[in-house]
Amino acid sequence: MKAFVSYSLNDTDEYVITILAKKLQEQGFYVSAGHNLHFPDTNPESLAQIRTSDLFIGILTYNGQINERVQHEWLYAQEAQKSAILMVEWNVALDEELNNSQNIVRFNRQNPDRAIESIHRYIDGARQNAGLADKNDVFAWILAGMALIKLVRLLSKN
């Protein structure tokens, strides 16, 4: 299985990607991340990586410099019908077409418990509705949920 991680973080937070990748690898994923991360536009290499991935995880933070790129890649993953989760810091404005999307978790660094509870609800809902829910959503939350809880906890430690 392959996971693609697209992120917009400031330099001091980039260490969390290494830890997230390790956690995903423990779940059996091969992990790749966005190429040319400091280039603001989506590039064909990243799109090819997303197309061949089983799971997309996007991370948007207030101090991130390429939030628009991550949003574009999230939309691309949705169009490609990939299992996709978007983690969004509470004070980041989303493009209009993303506002009502599913599998978006808002987090607040000063109060991570709400986001962690939300992730647990997604995981529990995916497990309970495995036969009824969208197969991509079930897959994403069951396999990546615990790694995302770790991510929220790491970003909340200042």
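In this chain, residues are counted from 1 in sequence order.
Scored by the side chain to side chain donor-acceptor pair (under 3.5 Å) test, T18 finds no partners at all (sequence neighbours excluded). Applying the side chain to side chain donor-acceptor pair (under 3.5 Å) criterion to S8, with sequence neighbours excluded, gives N67. Here Q78 pairs with nothing under the side chain to side chain donor-acceptor pair (under 3.5 Å) rule; sequence neighbours left out. For N91, there are no side chain to side chain donor-acceptor pair (under 3.5 Å) partners two or more places apart in sequence or in a different chain.
Surrounding OH of Y15 are more than 12 heavy atoms belonging to other residues, nucleotides or ligands, all under 6.0 Å away. The neighbour count for K2 NZ, taken as heavy atoms of other residues, nucleotides or ligands under 6.0 Å away, is above 12.
Inter-residue side-chain proximity for Q25 and V31 is flagged as met; some heavy-atom pair is nearer than 4.5 Å. You'll find the side chain of L94 reaches within 4.5 Å of the side chain of L60, heavy atoms only. The shortest side-chain heavy-atom distance between I59 and I17 falls under the 4.5 Å cut-off. A 4.5 Å side-chain heavy-atom check between L154 and K23 finds every atom pair outside the cut-off. A 4.5 Å side-chain heavy-atom check between R121 and D124 finds every atom pair outside the cut-off.
Contacts classified as ring pair (Phe, Tyr, Trp, His ring centres under 6.0 Å) and involving residues 97-126 (residues at least two apart or in different chains) are given here: Y122-W141. Among pairs with a residue in residues 67-104, none fulfils ring pair (Phe, Tyr, Trp, His ring centres under 6.0 Å), at least two apart in sequence or across chains.
Pairing each heavy atom of I85 with each of A144, the nearest pair is CD1-CB, 4.3 Å.
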